[in-house]
Amino acid sequence: MKKFLKGILVTTMVVAMTAALAGCGGADSAAQPEAASDSESAQKETLIMATNAEFPPYEFHEGQGIVGIDAEIAAAIAEKLGYGFEIEDMAFDSIIPAVTSGKASFGMAGMTVTEDRLESVDFSDSYATGVQVVIVKEGSEITSVDDLFAEGANHTVGVQTGTTGDIYASGDIEKKDLGTIDRYNKGADAVQSLVTGKIDCVIIDREPAKEFVAANEGLKILDTEYAVEDYAICFAKDSELTEKVNGALKELIADGTVQAIVDKYINAE
Ligand code: GLN
């Protein structure tokens with residue numbers, strides 16, 4: 001998956017996933033609605049997924065398109081429910097506002113279910129477990145997560161803005177004067193700062209962490225986990241979609257589709 005991390009291009013903001021689902025790699029731009037040649041789908045309502053496509057293997061740019069575990073599960077859900085499907089790429093902390101304002105039908109971005117978020121959105125059933133881990137340089141004096149909270153600790157910690165890594169680090173480290181938090185729009189940028197020695201570690205979800213470590217020399221993931229979380233899809237409160245999506249998700253889990261998608265991006269490597 002290394003190649004996906006190099007040459008990331010933010011060119012297509014809205015992408016039809018049909019091509020990616022069909023395994024074509026470069027998805028067609030949504031500027032060419034599939035409906036054009038198909039009067040039936042012309043009437044189809046389209047689900048818009050808000051995401052932050054900087055989070056491999058869940059969502060990332062590949063060629064002109066956005067692919068990944070979330071992108072494919074969401075496309076499969078939309079297909080099962082008879083909707084068209086588009087992805088809109090945005091900053092992670094814009095996803096919930098896009099959903100609550102109705103600009104997007106749902107948000108899916110390796111998003112952790114938290115009490116705070118539940119105050120503004122509803123979540124689907126969980127479809128994956130996420131683990132917050134810490135990336136350090138090989139040979140770092142930080143050898144376990146606890147080192148970040150030790151008395152007198154004073155590390156500069158990189159996080160992605162608005163993520164649970166940011167929320168935890170803000171409470172556990174910044175508020176307790178045990179270090180400084182550097183916030184980045186992309187996890188990859190935080191990792192670059194670590195590579196150049198500007199920061200001491202990065203707190204981020206494990207699967208993207210694995211990808212970033214594989215793409216950069218001299219980094220490793222600490223063995224100890226920071227937190228274990230549930231990923232789910234978020235919806236506007238009381239949206240009728242939540243139940244429908246849960247139904248489709250259940251079926252896609254039961255028939256092995258979700259596992260096959262996960263295997264394609266994670267286990268197969
Ligand atoms: N799981 C983390 C969160 O929900 C990070 C998600 C992400 O960066 N896409 O905050």
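- Heavy-atom minimum distance, Cys201 versus Leu148: SG-CD2, 3.8 Å.
- Between Val134 and Val202, every side-chain heavy-atom pair lies at or beyond the 4.5 Å cut-off.
- Contact between Ile167 and Gly162 at its shortest, heavy atoms only, is CD1-O, 4.2 Å.
- Just one residue in the list Thr112, Thr114, Thr129 forms a side chain to side chain donor-acceptor pair (under 3.5 Å) with Glu229, and that residue is Thr112.
- Of the possible donor and acceptor atoms, one in the side chain of Thr100 sits under 3.5 Å from a partner among the backbone N and O of Ile96.
- Judged by distance alone, the side chains of Thr242 and Asn246 never bring a donor and an acceptor atom under 3.5 Å apart.
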Task: Steps toward ring pair (Phe, Tyr, Trp, His ring centres under 6.0 Å) verdict (Tyr58, Tyr265) - done: CA-CA 8 Å; Tyr58 290 94; Tyr265 286 96; 8.9 Å; no
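- Thr46 places no side-chain N or O within 3.5 Å of a backbone atom of Phe85 that could act as its donor or acceptor partner.
- Open room surrounds CD on Glu243; 12 or fewer heavy atoms of other groups in view lie less than 6.0 Å from it.
- Formation of a donor-acceptor pair under 3.5 Å by the Asp255 side chain with backbone atoms of Thr257 is found in this model.
- Contacts classified as ring-ring contact (aromatic ring centres under 6.0 Å, His included) and involving residues 162-209 (residues at least two apart or in different chains) are given here: Tyr168-Tyr226.
- Not counting sequence neighbours, the partners of Asp200 by the side chain to side chain contact (heavy atoms under 4.5 Å, CB included) test are Ile142, His155, Thr156.
- Using a 4.5 Å heavy-atom threshold, the side chains of Phe212 and Pro56 count as touching.
- Atoms CG and CG, on Leu241 and Asp122 in that order, are 11.0 Å from each other to the nearest 0.5 Å.
- Gln160 and Asn52 are linked by a side-chain donor-acceptor pair at a separation below 3.5 angstrom, with hydrogens and angles left out of the test.
- In summary, Lys103 and Glu88 do not engage in a salt bridge, as defined by a charged side-chain N under 4.0 Å from a carboxylate O.
- Residue pairs satisfying the salt bridge (Lys or Arg N to Asp or Glu O under 4.0 Å) criterion with at least one member in residues 131-157, sequence neighbours excluded, are absent.
- Between the CG atom in Asp230 and the OG atom in Ser124 there is a gap of 10.0 Å [rounded to 0.5 Å].
- Considering every non-hydrogen atom in both Ser120 and Lys237, the closest pair reads O-CG, 3.6 Å.
- There is a path of hydrophobic side-chain contacts, each under 4.5 Å, that joins Leu47 to Ile69.
- Annotation: side chain of Val136 is not in contact with side chain of Leu219 (no heavy-atom distance under 4.5 Å).
- In this structure, the separation between CG on Asp238 and CD on Glu240 is 10.0 Å, given to the nearest 0.5 Å.
- The backbone N or O of Pro97 sits less than 3.5 Å from a side-chain atom of Ser101, completing a donor-acceptor pair.
- In this structure, Asp223 has no side chain to side chain contact (heavy atoms under 4.5 Å, CB included) partners at least two apart in sequence or on a different chain.
- Lys210 places no side-chain N or O within 3.5 Å of a backbone atom of Ile266 that could act as its donor or acceptor partner.
- For Pro208 against Pro57, the heavy-atom pair with the smallest separation is N-CD, 4.1 Å.
- The structure places CE of Met111 at 10.0 Å from OG1 of Thr164, a figure rounded to the nearest 0.5 Å.
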- [ ] Quick one: do Val245 and Leu81 satisfy side chain to side chain contact (heavy atoms under 4.5 Å, CB included)? Show the steps, please.
- [x] CA-CA 8 Å; Val245 166; Leu81 296 176; 4.1 Å; yes
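- Residues Ile77 and Tyr83 form no side-chain contact, since every pair of their non-hydrogen atoms from C-beta on lies 4.5 Å or further apart.
- At a cut-off of 3.5 Å, with distance as the only test, a side-chain donor of Tyr127 or Asp70 sits close to an acceptor on the other residue.
- Between atom CZ of residue Phe123 and atom CZ of residue Arg117 there is a gap of 6.0 Å, rounded to the nearest 0.5 Å.
- When the side chains of ILVMFWY residues are joined at heavy-atom separations under 4.5 Å, either directly or via intervening members, Val262 and Ile233 end up in a single hydrophobic cluster.
- The only member of Asn216, Asp189, Ile199 that meets side chain to side chain contact (heavy atoms under 4.5 Å, CB included) when paired with Leu194 is Ile199.
- Between Asp89 and Ile66 the shortest side-chain heavy-atom distance falls below 4.5 Å.
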- [ ] Begin with the C-alpha distance, continue with both residues' side-chain angles, and end with the deciding distance and a verdict on side chain to side chain donor-acceptor pair (under 3.5 Å) for Thr163 and Arg183.
- [x] CA-CA 10 Å; Thr163 61; Arg183 295 179 176 82; over 6 Å; no
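- Counting heavy atoms from C-beta on, the side chains of Val228 and Gln132 never come closer than 4.5 Å.
- Across all their heavy atoms, Ala169 and Ile203 have their closest contact at CB-CD1, 3.9 Å.
- The CD atom of Glu86 lies 5.5 Å from the CD1 atom of Ile48; values are rounded to the nearest 0.5 Å.
- Leu222 and Val213 sit in two unconnected hydrophobic clusters of ILVMFWY residues. Membership requires side-chain heavy atoms under 4.5 Å apart, directly or through other members.
- With hydrogens and angles disregarded, a donor-acceptor distance shorter than 3.5 Å links the side chain of Thr224 to the backbone of Val145.
- Looking at Gln192 and Lys198, their side chains never come closer than 4.5 Å, going by heavy atoms from C-beta outward.
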Open item on the list: side chain to side chain contact (heavy atoms under 4.5 Å, CB included), that's the test. Do Asp182 and Val157 meet it? Break it down for me.
Closed with: CA-CA 6 Å; Asp182 259 15; Val157 177; over 6 Å; no
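- Partners of Phe235 by ring pair (Phe, Tyr, Trp, His ring centres under 6.0 Å), not counting sequence neighbours: none found.
- Annotation: side chain to side chain contact (heavy atoms under 4.5 Å, CB included) contacts of Ala109 (sequence neighbours excluded): Thr51, Glu59, Phe92, Ile95.
- Between the side chains of Thr180 and Glu174, no donor N or O sits under 3.5 Å from an acceptor N or O.
- In terms of heavy-atom proximity, Ile73 sits nearest to Leu252 at O-CD1, 4.4 Å.
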Open item on the list: As a quick check of understanding, evaluate side chain to side chain contact (heavy atoms under 4.5 Å, CB included) for Val159 and Ile181, giving each step before the final call.
Closed with: CA-CA 7 Å; Val159 298; Ile181 311 299; 3.6 Å; yes
